[in-house]
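One structure is given here, and the rest of the page talks about it.
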Amino acid sequence: MSLNTKWIPRVHWTTLIAGLIFGVIIHITAIFALPYMSENNAWLKVAQRLPANTLQPIPLASPEGQLLPYMAPDIYYAMCRYDLTDGPVALRIPAMGPLWTVSLYDKLSQNFYIIAGHDVKRDSLELLLNKPRSETEAVDPAASSLKPRSETITVRVQETEGLAVIRAPIESISSAVQTDENFRRMTCKPAE
Amino acid sequence: MNLIANILTFLIISLVTGLGSAWYLVNSGPDFTAVSEGPWETWNRVGRTIADPYTRAHITRSGRLPVMSKSLLYFTTVHDSAGRKIDAECDYTIIGDDPRGKWWSIAAYDGAGNLMTNPAARHAFNASNVLRDPVGRYKIAISRYPTPGNWLPVDSEYQVRLILRLHMHATETRTADTTYGLPEIRRVLCR
């Protein structure tokens, strides 16, 4: 007795190969498109809530309030949505020990510039955010933790808008009080 | 009949291989960019402008704003050191010495990256506030129930994800083989 297989449709081997090739194309397209299409993008979440060129201390992350996923509950954050449309923006930050950082982000959450507390040898830091004068003067990602040679560091950024994020870990209860005070003294506003 | 079967096969293969592999690699990371030490995993190009497309997609999709990996490393895990998924019905101990770097912090989140409500209002331990034994080692208990010492409460309603942040010296040279002395996660008991 032989099994009747005539009812089973025949799939040609070229269909399998074409499916795999098209699958690779879909894969590459999806990977490159996702950063531009994701509604979970941190910029989209934060930009609407922050006024431009104003430093906003963020309440400590807690179950009741967390601006972004996976924020550290033992790190103070402050954010500034900078907009260079009308000119440079100055970020003034008092030094807070070796662990604090200032990070600049583009709209795809890429941290293109960072300076850490241990690089700052003065009592305060001023970052002057400005547009590039030419392509060659755009910020070099490889030089992202430059030691400041002057009181003001000029950072030339590629995009007109972005985020500056200041982080300061809470090292002790006494340092938390001091950090809180320092966060009140920070500013982010159009350069005079 | 054969034409329809060929079209359906083509669509299924291309969608499953294309979208399925993209989803898998954006979540778990390809070998060239996601490295692990014990149960802890990190994406070694996080936050950087030279990040590969998988890392960029992973970060954008997560909604995080990570610091570039030369200054701060993020290690995450949903598994214990034996490779079992962390189950909030069970008790665990994180045990170790200070890892490399300037400062560290371990925090517990639910699967969506939110801190979990708990009666102790405790969400993290770090190099500054963890209690240590006389030789400097620490033990952190992960449990739903109050535990003496360093107790990091979790909620059994959620999947538990741990994140270990390691603040590094920016000048430190690191390679793919560099180890950081990260702590073990031992399952103690399940209730």
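Lettering of chains follows the sequences in order, A, B, ..., and the numbering in each one begins at 1. All of these numbers come straight from a predicted model, not from anything done at the bench.
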Quick one: does [X]'s side chain have a donor or acceptor within less than 3.5 Å of a partner on [Y]'s backbone?
X        : Y        : answer
A:Asn40  : B:Arg61  : yes
A:Tyr105 : B:Leu65  : yes
A:Glu171 : B:Trp103 : no

Show your working on side-chain contact (heavy atoms from CB on, under 4.5 Å) between A:Tyr70 and B:Arg161 and close with a plain yes or no.
-> CA-CA 10 Å; A:Tyr70 300 110; B:Arg161 179 178 291 272; 3.2 Å; yes
Which heavy atom in [X] sits nearest to a heavy atom in [Y], and how many Å separate them?
X        : Y       : result
A:Ser109 : B:Ile59 : CB-CG2, 4.0 Å
A:Arg10  : B:Asn6  : O-ND2, 3.1 Å
B:Leu115 : A:Pro73 : CD1-CB, 3.9 Å
B:Thr17  : A:Gly19 : OG1-O, 4.2 Å
B:Ala22  : A:Ala30 : CB-CB, 4.2 Å
B:Ala57  : A:Leu34 : CB-CD2, 3.6 Å

So which part of [X] gets closer than 4.5 Å to some heavy atom of chain A, the side chain, the backbone, both or neither?
X        : value
B:Ile163 : side chain
B:Arg64  : both
B:Leu25  : side chain
B:Asp110 : backbone

Would you indicate whether the side-chain heavy atoms of A:Pro63 and B:His123 approach each other to under 4.5 Å?
->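 The answer is yes, as the side chains (C-beta and beyond) meet within the 4.5 Å cut-off.
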Close side-chain approach of A:Thr101 and B:His167, heavy atoms under 4.5 Å =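 No, too far: nothing below the 4.5 Å cut-off.
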How far apart are the C-alpha atoms of A:His27 and B:Trp23, what are their side-chain angles, what is the distance that settles it, and do they pass the side-chain contact (heavy atoms from CB on, under 4.5 Å) test?
-> CA-CA 9 Å; A:His27 176 95; B:Trp23 181 85; over 6 Å; no
Start with the C-alpha distance between A:His12 and B:Thr9, add both sets of side-chain angles, then the distance that settles side-chain contact (heavy atoms from CB on, under 4.5 Å), and finish with yes or no.
-> CA-CA 10 Å; A:His12 201 269; B:Thr9 305; over 6 Å; no
Looking at [options], which makes the most heavy-atom pairs under 4.5 Å with chain A?
options                    : answer
B:Ala121, B:Gly20, B:Ser21 : B:Ser21
B:Ala107, B:Gly63, B:Ser62 : B:Gly63
B:Tyr109, B:Tyr54, B:Tyr74 : B:Tyr109
B:Ala51, B:Ala127, B:Pro66 : B:Pro66

Cluster overlap [X] with [Y], hydrophobic side-chain contacts below 4.5 Å:
X        : Y        : value
B:Tyr180 : B:Ile95  : no
A:Leu104 : A:Tyr76  : yes
B:Leu162 : B:Trp151 : no
B:Phe125 : B:Met116 : yes
B:Ile13  : A:Phe22  : no

Flag if over 12 foreign heavy atoms under 6.0 Å of [atom1], [X]:
X        : atom1 : answer
A:Asp123 : CG    : no
A:Lys131 : NZ    : yes
A:Lys189 : NZ    : no

Contact class of A:Leu44 relative to chain B, heavy atoms under 4.5 angstrom |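 Neither part.
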Below 4.5 Å from any heavy atom of chain B, which atoms of A:Met71 appear? Answer side chain, backbone, both or neither.
->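 It is the backbone, since no side chain atom gets that close.
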Any luck finding a side-chain donor-acceptor pair between B:Ser105 and A:Asp74 under 3.5 Å?
->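 Judged by distance alone, the side chains do pair up.
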May I ask you to name which of A:Ala18, A:Pro35, A:Ser38 has the most heavy-atom pairs under 4.5 Å with chain B?
->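 So the answer, after comparing A:Ala18, A:Pro35, A:Ser38, is A:Pro35.
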Mind ranking A:Val165, A:Leu108, A:Leu16, A:Ile21 by heavy-atom pairs under 4.5 Å with chain B and telling me who comes out on top?
->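 Greatest number of close heavy-atom pairs with chain B: A:Leu16.
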